[in-house]
2 protein chains.
Amino acid sequence: MSDLRLTPTSYIVLGMLELCGEATPYELKALAAQGVGNFWSLQHAQLYTETARLAEAGYLDEEREEGGRRRKRYRMTDRGREALREWTEAPTDQFTELRDLALLKLFFGADPAGLAEVQLEIHRARLAEYEALREEAAGLPQSGPALTLEAGLGHEREWVQFWEKLSG
Amino acid sequence: MSDLRLTPTSYIVLGMLELCGEATPYELKALAAQGVGNFWSLQHAQLYTETARLAEAGYLDEEREEGGRRRKRYRMTDRGREALREWTEAPTDQFTELRDLALLKLFFGADPAGLAEVQLEIHRARLAEYEALREEAAGLPQSGPALTLEAGLGHEREWVQFWEKLSG
DNA sequence: ACCGTCATGTAATCGGTTACATGATTCT
DNA sequence: AGAATCATGTAACCGATTACATGACGGT
């Protein structure tokens, strides 16, 4: 029940547990991969340490499965739900830097065309993925994930345009 | 002369030292603030530890000033220049995630309009800064920094559009 | 029965952030 | 001269990445 600082990682875990009710760290890994991981991914090891941390601080309940692998299953406590709600409700004025490695190389004088060739490939691929995701979700009611997908699409288009201008 | 892994932070230090010849960590801090810090900022403490690390591994020369604060001044060695050149020349296929805190809140159900209000403010301000920078640099020959500024402009416009759609 | 691969978890390391600390300099 | 602020630097802490380790399972 100790105090701790909640990081974005903490809220990702809390948020996913709210969506799915209860899960083992391994299940959270799968859940992250198909959702929030598209724009904020975690190492799988983080899911083990973070759930343990949150449980110790009273934000999660921990329960060991009997038999087999005796895996730990987690579910939110009221305290966890409350923390997530407060966080979600409060807007943030944090500014996100680009922090793009290719851009960093460009800044320090790298050859634009060379960078563009490989960056175009990955950004076009990602853009195609996002467009496929949007197809799938077409018609579904608007939702948080759908909105973030729109943001991702916009920025990927921007990257593609940017590197296209620099290629060749 | 030990071995170490060079991180983006390392290359920022090396890159800045190539630009300015030699500097103390404190001077690097100022240099970073007006340039690369716009899209990849560092804590000032990093500049002390990173220069020391690079010097120990032979990428930088370290020299103490006599008298006064006896500050340490750093300059690149041939090894440092070589490392920077190799890094700059090699394209990267690293994909950069958005990792935006406001987007994360949106994903987990935050109220779009509330977020948009404060996000619009900061992104509009940043966009204005970038436009001013471009004014200043108008006419100057194309350069790495100028290209990254274009990228920044594009993404800031994208953010502004995105949050505008969600506001009100 | 064996081998390779996926599932699942823990431990060690390390960069980065935060906090702290002291020497200059300016202002009143 | 004293207070406040800026310049400059070091130390401690902690989250995140990396490396390691073992158990289950499918195929041959």
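Proteins come first, then strands; the chains are lettered A, B, ... in the order of their sequence lines, and each starts at number 1. Please read these numbers as outputs of a predicted model, since none were measured by experiment.
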Exercise for the section: Determine: side-chain N/O of Arg53(B) to OP1/OP2 of dG15(C), distance under 4.0 Å, yes or no. Expected result: yes

Problem - Rounded distance in Å - CZ (Arg5(B)) to P (dT13(C)) - result: 12 Å

Exercise for the section: Could you please name the option among dA7(D), dG16(C), dG15(D) that lies closest to any side-chain atom of Tyr26(B)? Expected result: dA7(D)

Practice task
Measure the distance from CG on Leu54(B) to P on dC14(C) and round it to the nearest whole Å.
Solution key: 16 Å

Handout entry: Pairwise side-chain contact, Phe107(B) with Trp40(A), heavy-atom cut-off 4.5 Å (strictly under)
Key = no

Handout entry: Qualifying residue for salt bridge (Lys or Arg N to Asp or Glu O under 4.0 Å) with Arg73(A), from Glu27(A), Glu63(A), Glu62(A)
Key = Glu27(A)

Please tabulate, one pair per line, all N/O donor-acceptor pairs under 3.5 Å involving side-chain atoms of residues 154-168 of chain B, not counting sequence neighbours.
unit_1    : atom_1 : unit_2    : atom_2 : d
His155(B) : ND1    : His155(A) : ND1    : 2.9
Glu164(B) : OE2    : Arg124(B) : NH2    : 3.0
Ser167(B) : OG     : Glu164(B) : O      : 3.1

Handout entry: Rounded distance (Å) that lies between atom P of dT8(C) and atom NZ of Lys29(A)
Key = 8 Å

Practice task
Could you state the atom-to-atom distance from NZ of Lys72(B) to P of dT8(D) in whole Å?
Solution key: 15 Å

Exercise for the section: List in numerical order all residues of residues 36-48 of chain A for which some heavy atom is under 4.0 Å away from an atom belonging to DNA chain C. Expected result: His44(A), Ala45(A), Tyr48(A)

Handout entry: Spacing between Arg99(B) atom CZ and dG16(C) atom C1', to the nearest angstrom
Key = 14 Å

Fill in the blank from the handout: Here the gap from Leu60(B) atom CG to Leu14(B) atom CG, rounded to the nearest 0.5 Å, amounts to 6.0 Å

Completion exercise
Between CZ of Arg71(B) and C1' of dT10(D) the distance, given in whole Å, is 17 Å

Problem - For atom CD of Glu62(B) and atom P of dG9(D), their distance in whole Å - result: 11 Å

Handout entry: Under-4.0 Å side-chain N/O to phosphate OP1/OP2 contact, Thr9(A) with dA16(D)
Key = yes

Handout entry: Donor-acceptor pair between Tyr130(B) and Arg126(B) side chains, under 3.5 angstrom
Key = yes

Problem - Exam field: side chain Thr77(A) to backbone Gly58(A), donor-acceptor pair closer than 3.5 Å - result: yes

Completion exercise
Between CD of Glu50(A) and C1' of dA16(D) the distance, given in whole Å, is 10 Å

Problem - Residue pair Leu6(A) / Tyr11(A), side-chain heavy-atom distance below 4.5 Å - result: yes

